There are 2 protein chains.
Amino acid sequence: MTEATRTSAATLHDVAREAGVSLATASRSINGSTRKVNEELRQRVLLAADKLGYVANQSAQAIAKGSASTVALVVSDIADPYFSTMASGVIRGAEEARLLVTMAMTERSAERELELVRALRGGRPRVLVLTGSRFAGTELEASLVKELTAYEETGGTVVIVSQRSLPFDTVQIDNLAGARDLARALVDQGYRRFAAFTGVSSLLTSSDRLQGFRDGLGEFGLALDDDRVYRTDFTRDGGIAAVDAMLDDGIDDIDCVFAVNDVMAIGALSRLRDRGVSVPDDIAIAGFDDIDTARDVTPALTTVRLPLADVGAEAIHLALTADQRTSVATVTIGGDVVLRASTPRRA
Amino acid sequence: MTEATRTSAATLHDVAREAGVSLATASRSINGSTRKVNEELRQRVLLAADKLGYVANQSAQAIAKGSASTVALVVSDIADPYFSTMASGVIRGAEEARLLVTMAMTERSAERELELVRALRGGRPRVLVLTGSRFAGTELEASLVKELTAYEETGGTVVIVSQRSLPFDTVQIDNLAGARDLARALVDQGYRRFAAFTGVSSLLTSSDRLQGFRDGLGEFGLALDDDRVYRTDFTRDGGIAAVDAMLDDGIDDIDCVFAVNDVMAIGALSRLRDRGVSVPDDIAIAGFDDIDTARDVTPALTTVRLPLADVGAEAIHLALTADQRTSVATVTIGGDVVLRASTPRRA
DNA sequence: CTGTTAGCGCCTTCAT
DNA sequence: ATGAAGGCGCTAACAG
C-alpha cells in the first residue's frame, strides 16, 4: 500500500525474452514436459525466472490445461476440531500431490453446501472433497448429487467423507462398528442403563452411531429406551441442552451416557459439573471422535478414537487414484475404543 | 468414476449459442458490467445458463481480469484451535466479499512459509493473509518481505496477523497489554512468585507476551527470574516438556505459572496432574488465547480472551479497504483477562 | 531440440 | 443496446 509502482507480475513471455529463448522453451524449462530441453538453455531460463521473480500464473495454466491444480474442500465449520483435524490431513495429502486447497464452510446449512459446491466448481478443481454428514433423502441431497455428477462428467473427482451410499468415492468412517465396540466396552465396564445424546435423526453420522451403540447393547440383551435418547444439536451447546433435558427426566435409572460426539460430550460434562452432578460418580459419560480435548478434560473422556487426519489424507489419495479404477471405491476407516476416567469400571 | 461420458463443462460460448446472443451479451448478462442489457435477453441468457448448468470458469475470469477472486491464507497448523478459529473468521469475511479462500499450512517452518507464499502468489489472489508468528530478524524474514513486496507491487494486498513492524497492513494482537493485564490480575489474586513457559525468544508472539507479563509484575516491584522461564515449543507437548523441566528445578518457590498460550497451559495442566502436582492447590496456572478447551479443562483455565474469529475477519476487512488508504494500516485488537478456577484468590 | 502458432474461457474496448 | 475481435498467460500440437 505504499506508493509502489504498480507493475504487473512477470510473465513467461518476459522470462523467455530475458533468457533469449522462445516461449515454448521457457515453458518446458520451468514446468517440465515430456520434451527435453538443452541443459544450458534450461539454466538460463531458470536464472531469468529467478531474476524476474517469476511465478507461473496458475489461472493461465489451469485454463490451458483444462483444470486447476487444486482441491476444493467443503467443511461444516473449520473451527470445530473434528473438521480442522480432517482438513489438516486433506491439506497435507494435497500438498504431496502439489495441489493447493480451496476451502469453504457450510456452517451446517444444506442450502449453503449446494451453493458452495457450485461456486467451487467454478474453480475447476481436480478434486472436490465433501466432509460432514448430510441430511439423507432430502430434495437438496438430490440437487447436490446432480451437481456433483455434472462435476464428475467434466473430469473432476468427488470424494465424500463419512456419508455412505452416495454414488461417489467415499471414505467411510465405520460409525456402526465403533459405536458397537464402545457399547461392548461400556457393558464390560459394568454399565447397564444408558442414555444417549444425538443429533437429529436424518444426520447419518449421528443415527449410525446410535444404531451401532444399540446393536452393541443388544448383544447383551440390553436396550436403549427411546425416551432416553435426547436429540439436540451436534455441538457443545447441544450437549448442554441434552443434559438439561435429561436432568429434568431424572437420572436415577441411568448409569452412563453415550454422546454421539466428543464435542457434545464435553459440553455435557461441563453442564453436569455446573449442575452438581458428579462424573463419573453420579453418572458416567462417553463420546466419539477422540478430539484432542477429550484427554484434557476431567475426568478424561472415554471415546472412540478416529484417525481424522488420516481420513482427510485418504480422501485425497482415493481421488488421485480414481483414474486407475472403473467404478467408485469406498475405503472404510474404523475407530478404537479408548477407555478413560469418565467411565471407570463399576463395582 | 463411472463410465460417464466425459464432456467438458459448459462455456459462456455454449450459453450464448443456446440463448441466441453474442458472447458479449451473455457475459454482461451473467456477470453484470457497467453496460446495460435488455431485460428480456438477460432472462433468456440466465435461463440458458441454468439449463446448461453453466458455472463461470474462475480461472478464465481471473486471467481476463488480472487477478483471481480469492484470498490466500497461510496458517501454521489448521488443526491448532488458535488458527482454525482465526481461519473461520477469514473465511467468513472473505465470503461476504464473495471471495474464496485458498489455504496452506507451514507446519511452523519458516522455509515452508516462504515456499508457500510463492506458490500462493501463483494463484494471483486479491489478498494474502499471513497468520502465525514469524522469527524476527532472520534472513528468511528478509526474503519473505521481498516476496510480499513483489506481490503487492503486482496489485495484491498483504495482511499480516499478529506480527508487528513489517511494512504491510497488520492486525496486531495486543499481546503486551494482555499479558500485562493478566499479570496485574494474578498479583491481585495474591500470587507473587512466578514461572513462565514460553516458545523460543525469536517468536514475537511469545516474547511479547513474556515481556508484557514482566511489565505487569514490574508495576508491583515483582520480577520473573530468568531461571524460571522455560523455553520449549509453542505446543501442547511444549507445555509438557516445560513442566518436566520445572519440576526438576523444584516448585517450592513458585506459586503460579504463566504459559504464553493455552495449548501449552493445557499440556502443562495434564502433565502436572500426571505427576501428582495439584492445580491450583500446589501451583496455579494461567494461559493466553482462550481457546474453547480452556473452559472445559479442570480446573478451568485462567487466560486472556482473544476474539480470534474477529481477528480473521478484520484481516479481510483491512485488505479490502486498502485502496482507500495511501499508507499501511494497523488495527490493534486487545484481549480480556478471564479469571477461572486455575488461579483462585489466594489466602 | 527449439520455435511458431493456435487455442483454453472470459472480459472489454471498439464499432455498429 | 448489441456484436465482433483482440488479448490475458500459458500449454501443446506442429513445424523446422
Side-chain angles (χ1 to χ4, degrees), chain A residues 6-46 48-49 52-70 121-126 154-156, chain B residues 6-45 48-49 52-70 121-126 154-155:
Chain A
R6 178 155 303 179
T7 57
S8 50
T11 71
L12 229 206
H13 190 95
D14 299 331
V15 175
R17 189 156 36 72
E18 173 78 23
V21 300
S22 74
L23 249 180
T25 301
S27 171
R28 295 197 268 255
S29 303
I30 291 178
N31 299 306
S33 79
T34 34
R35 318 196 80 57
K36 298 246 167 193
V37 176
N38 175 298
E39 184 57 21
E40 190 204 316
L41 275 194
R42 212 177 71 88
Q43 288 304 331
R44 232 198 301 159
V45 172
L46 261 26
L52 298 178
Y54 172 76
V55 183
N57 184 322
Q58 290 183 17
S59 295
Q61 292 190 151
I63 198 180
K65 290 181 168 166
S67 86
S69 296
T70 59
R121 277 190 65 192
R124 302 291 186 270
R126 203 106 84 207
T154 63
Chain B
R6 180 154 302 179
T7 57
S8 50
T11 71
L12 229 207
H13 190 96
D14 299 331
V15 174
R17 190 154 36 71
E18 173 78 22
V21 300
S22 75
L23 252 176
T25 301
S27 171
R28 295 197 267 254
S29 302
I30 291 178
N31 299 305
S33 78
T34 34
R35 316 197 81 57
K36 297 249 168 192
V37 175
N38 176 299
E39 184 57 21
E40 191 204 315
L41 275 193
R42 212 176 71 86
Q43 287 305 331
R44 234 197 300 159
V45 172
L52 298 178
Y54 171 77
V55 183
N57 185 322
Q58 290 183 19
S59 295
Q61 291 189 152
I63 199 182
K65 289 180 169 166
S67 87
S69 297
T70 59
R121 276 190 65 192
R124 302 292 186 270
R126 203 105 84 207
T154 62

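To find a chain, count down the sequence lines: A is the first, B the second, and so on, and within it residues start at 1. Only a predicted model underlies this, so the values are computations on that prediction, with no experimental measurement involved.
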task: Round to the nearest Å and state the distance from N57(A) atom CG to dG9(D) atom C1'.
output: 6 Å
statement: Taking for E39(B) and for V55(A) the nucleotide of DNA chain D with the nearest heavy atom, the one nearer the 5' end belongs to E39(B)
message: List the residues meeting salt bridge (charged side-chain N to carboxylate O under 4.0 Å, His left out) with E40(A), not counting sequence neighbours, and say none if there are none.
response: none
- prompt: What is the distance, rounded to the nearest whole Å, between atom CZ of R44(B) and atom P of dA1(D)?
  reply: 17 Å
message: Just N and O in the side chain of N31(B): are any of them under 4.0 Å from OP1 or OP2 of dC11(C)?
response: yes
- prompt: Rounding to a whole Å, what distance do you find between L12(A):CG and dT5(C):P?
  reply: 17 Å
- request: Quick one: label I63(A) by what it contacts on the DNA or RNA (base, sugar-phosphate, nothing), any heavy atom closer than 4.0 Å.
  value: base
task: Return yes if some donor-acceptor pair links the side-chain N/O of R44(A) with the main-chain N/O of A19(A) below 3.5 Å, else return no.
output: yes
Rounded interatomic separation in angstrom, taking CG from D14(A) and P from dC8(D): 11 Å
- prompt: Which atoms form the tightest heavy-atom contact between T70(A) and G123(A), and what is the distance?
  reply: OG1-O, 4.4 Å
statement: Rounded to whole Å, NE2 of H13(B) lies from C1' of dC8(C) at a distance of 13 Å
message: Restricting to non-hydrogen atoms, name the atom on R124(B) and the atom on A56(A) that form the minimum distance, rounded to 0.1 Å.
response: NH1-O, 4.1 Å
field: CA sep, side-chain torsions, deciding dist, call: N57(A), T11(A), side-chain contact (heavy atoms from CB on, under 4.5 Å)
entry: CA-CA 8 Å; N57(A) 184 322; T11(A) 71; over 6 Å; no
message: Please determine whether a side-chain nitrogen or oxygen atom of Q61(A) lies at a distance below 4.0 Å from atom OP1 or OP2 of dT11(D).
response: yes
message: What's A62(B) touching, base or sugar-phosphate or nothing? Going by heavy atoms closer than 4.0 Å.
response: nothing
query: From the list dC10(D), dC11(C), dC10(C), which nucleotide is the closest neighbour of the side chain of S27(B)?
result: dC11(C)
query: Taking NZ from K65(B) and P from dC11(C), how many angstroms apart are they, rounded to a whole number?
result: 6 Å
message: Rounded to the nearest 0.5 Å, what separates atom CZ in R121(A) from atom OG1 in T154(A)?
response: 5.5 Å
query: Among residues 16-26 of chain A, which residues get a heavy atom nearer than 4.0 Å to DNA chain C?
result: V21(A), S22(A), A24(A), T25(A)
message: So which atom in S59(A) and which in A62(B) form the shortest heavy-atom distance, rounded to 0.1 Å?
response: OG-CB, 3.4 Å
field: Minimum-distance nucleotide (side-chain atoms of A64(B) versus dT2(C), dC8(D), dT2(D))
entry: dC8(D)
field: Any side-chain heavy-atom pair of V45(A) and V15(A) under 4.5 Å
entry: yes
- prompt: Among the nucleotides dG3(D), dG9(D), dG9(C), which one has an atom lying closest to any side-chain atom of R28(B)?
  reply: dG3(D)
- prompt: Of the non-hydrogen atoms in A9(B) and D14(B), which two are nearest, and what is the gap between them?
  reply: O-OD2, 4.2 Å
query: Hey, are the side chains of L23(A) and L12(A) touching, using non-hydrogen atoms and a 4.5 Å cut-off?
result: yes
message: When the axes are fitted on five pairs at both termini, how much does the helix from dC1(C)-dG16(D) to dT16(C)-dA1(D) curve, in 10° steps?
response: 40°
Polar pair under 3.5 Å, donor/acceptor by atom type, side chain R124(A), base dG9(C): no
